[in-house]
Every structure is written in structure tokens, then in C-alpha cells.
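Down below is the structure, laid out as C-alpha cells.
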Amino acid sequence: MPVTFVNALLIVVVTAYFVLLVHRRREKLTCMAGMLIAMTVGMMMSVTLGVLFGVYFQQDLTTSTILAVVAGMMGGYAAGRPISLMAAMDGLLAGIMGGMMGAMLGAMLLFPTAMVWFVNILFAVVMLVLRRLIDEESESADKEESEAKRPFFRSGAIMVGLIALTGLLLAGGKTSLPGVGQASGHAAGGHAAAQAEITGDVQEATIYVSASGYSPQHIELTAGVPARIHFQTAGDIGCLRQVVSKELGIDQILEAGRHNYILLTDVKPGTYRYTCGMGMYEGTITVK
């Protein structure tokens, strides 16, 4: 099973634990507390899963967004419904917002290892605080104070275990999670470079731009010969309409059905990176 889905399963299990906890304490929790709990559960579940699915599905932002939003809505609703319909609605809306943001962030990451770690740690910390909040809201008697602390530390062990297990999975299974420890599928590297063709005193190369990225993703140019690169587009390509390269001084909007030529002259040998307007897709130009 891919590391991403093992991590996602752990997030779901911890979320289910909180849903069951709220169900057991429902008679002791106020509507305001229920709204905050549902919002926290829905938001944290959807954001974390959104980042994980965004990294895994890479260029398919639709799938990762739908999965994260639906999961977050279910978690938020389940956490809020035992308290009130108002709390359930708060959880639903938080799940929608968190899923959209998390999936977009995950899809944009070229080197997501640090962010995967960060969202897992963030999830653990927030859920630890939420656990304590539930205890304080539902256990007010002094004689129950010691009993409230023990579950808190037990839940802390669950969270620490979640982070530790995620780290072990990342360390031992990098190849099964796209982008972990390496550039993601739409980043530079991993495909053979296409050689530009020299015609007269200029060399030419064509890069086809579609919703899935650049093809070929990497091209090679001959040093000392002016180069004309044609970015050929088709249909709606979103952020790929813009080509940006600070190294080469490129910032151009591509028009579908038009000749989108970029002329490069006096480029020194080396490898140069170009990306779409949002930095989600990239390619390289190597001058030899």
C-alpha cells in the first residue's frame, strides 16, 4: 500500500477516535464547544488529507480536492452532529474550505517531504489541544480532574505514534510516495531530453503544452547558436498559459492556436528551469 494512503488511514483513525469521544461526551458539551470541535476536526482532517492527496495525485487537482473535501465534510459533520445541527453545519463548511486549500497546496509542492511532515505534526498538535479542550468542557468536577488528565496523555501517545510511524514510512518507502525525497512527477528530471534541430543559423524546438504539463519536459540546445522555442498550446491549460524563467528572463503568456515563440540568444552553457505561472509544472532547458 502506498505510504500516502497509510498516512491518510492513520488520520482517519485518529479522527474517528475524536468523533466517538464527542459522541460519548455529547451530554456534557455545549453548542458553542460542539461548533468549535466540529470545525477543528473538519478543518484539520481535510487540510491534512488534502496535502497528502495533492502530493499523491500530483497533476489531478480535481480528484485530490474531491477526496479531501468529502472526507473533511464527513469528519466535521460526524463530530458536530451529536451536539447540534449547527455544530454539524460548522464542521461541513470547515471540511469544504480545508479540503480545497490542502489539495491545492499539495499539488503545488515540488519537494513535499517537509510539508508532509509539517501537516502531520500540525494535525497532532491541534488534536492534542482539542483533546484537552473536550476534557475541560466535559469534566468540571475536581474529583474527575485526575481522570481527565490520563486520557489526555494517552491521546498524546497516539499522536506521537502517528508522527513516528509516518516518519518511519517516509524513511523506508520514499519510492511509493511521489515527490518525497525527490522532485515530484511534474518536476525536472526523469525523462530524456529532446535535442533542438539546427536549421541554417538558428536552432528550433517545439514544446507541447497541455493540461498535464510540458512535452518534452526537457530540451537540449547547442551553445553559441540562437534558439527559437515554440510553445504549442491547445485548449484551456490554466496556469500553464504563463511561462516563467527568472534565469532566462522569460515571462510570457501563451495564446492557444498562435505561434508562441521565445527567442534565446547568447545563453551560456548550463541547465535552466522554467515553470508555469504558479510553479506547479516545470521543465528544463540545457545548453551544451
Test of understanding: with side chain to side chain contact (heavy atoms under 4.5 Å, CB included), list the residues that count as partners of [X], not counting sequence neighbours.
X	value
Ala78	Val19
Ser215	none
Leu133	Leu36, Leu130, Glu137
Met35	Cys31, Met86, Ala87, Asp90

Where at least one partner belongs to [range], residue pairs that pass salt bridge (Lys or Arg N to Asp or Glu O under 4.0 Å), sequence neighbours excluded:
range	result
residues 198-219	Glu204-Arg228
residues 209-225	Glu220-Lys288
residues 206-217	none

Looking only at atom types and distance, does a side-chain atom of Gln217 sit under 3.5 Å from a main-chain N or O of Thr284, one as donor and one as acceptor? no

Side-chain (Gln203) to main-chain (Ala196) donor-acceptor, under 3.5 angstrom: no

Flag side-chain contact, heavy atom, 4.5 Å: [X] against [Y]:
X	Y	answer
Leu240	Phe231	no
Ile285	Glu247	no
Leu221	Leu264	yes
Phe18	Ile134	yes
His218	Thr286	no
Met104	Thr65	no

[atom2] on [Y] to [atom1] on [X], rounded to 0.5 Å:
X	Y	atom1	atom2	answer
Leu61	Thr63	CG	OG1	9.0 Å
Leu248	Arg273	CG	CZ	12.0 Å
Thr15	Leu20	OG1	CG	11.0 Å
Met32	Ile83	CE	CD1	13.0 Å
Leu52	Asn120	CG	CG	6.0 Å
Met100	Ile96	CE	CD1	6.5 Å

Angle class for the Tyr274/Tyr214 ring planes (parallel below 30°, perpendicular above 60°, tilted otherwise)? perpendicular

Before you tell me yes or no, could you show the steps for Gln252 and Asn260 under side chain to side chain contact (heavy atoms under 4.5 Å, CB included), namely the whole-Å CA-CA distance, both residues' side-chain angles and the distance that decides it to 0.1 Å? CA-CA 9 Å; Gln252 182 168 327; Asn260 300 288; 4.2 Å; yes

Just wondering, are more than 12 heavy atoms of other shown residues or ligands nearer than 6.0 Å to OH in Tyr261? yes

Pro226 to Thr265 - nearest heavy-atom pair and separation: CB-CG2, 4.1 Å

Locate the shortest heavy-atom distance separating Ala68 from Leu49; write the atom from each residue and the value. CB-C, 4.2 Å

Are [X] and [Y] joined in one hydrophobic group, where the rule is that I, L, V, M, F, W and Y side chains link up if heavy atoms are under 4.5 Å apart?
X	Y	answer
Ile219	Ile250	yes
Met74	Val12	no
Ile262	Val209	yes
Met115	Leu67	yes
Met127	Tyr77	no

Could you pull out all residues at least two apart from Tyr272 that satisfy ring pair (Phe, Tyr, Trp, His ring centres under 6.0 Å)? none

Is there a side chain to side chain contact (heavy atoms under 4.5 Å, CB included) between Lys268 and Val287? Walk through the geometry before answering. CA-CA 7 Å; Lys268 298 180 180 179; Val287 181; over 6 Å; no

Which residues pass the side-chain hydrogen bond (donor to acceptor under 3.5 Å, both in side chains) test with [X], not counting sequence neighbours?
X	result
Thr30	none
Arg26	His23
Gln242	Asp251

Name every donor-acceptor pair, under 3.5 Å, that has one atom in a side chain of residues 41-48 and the other anywhere in the protein, sequence neighbours excluded.
residue	atom	partner	partner atom	Å
Ser46	OG	Gly42	O	2.7
Ser46	OG	Met43	O	3.1
Ser46	OG	Gly95	O	3.3
Ser46	OG	Gly99	N	3.2
Thr48	OG1	Met44	O	2.7

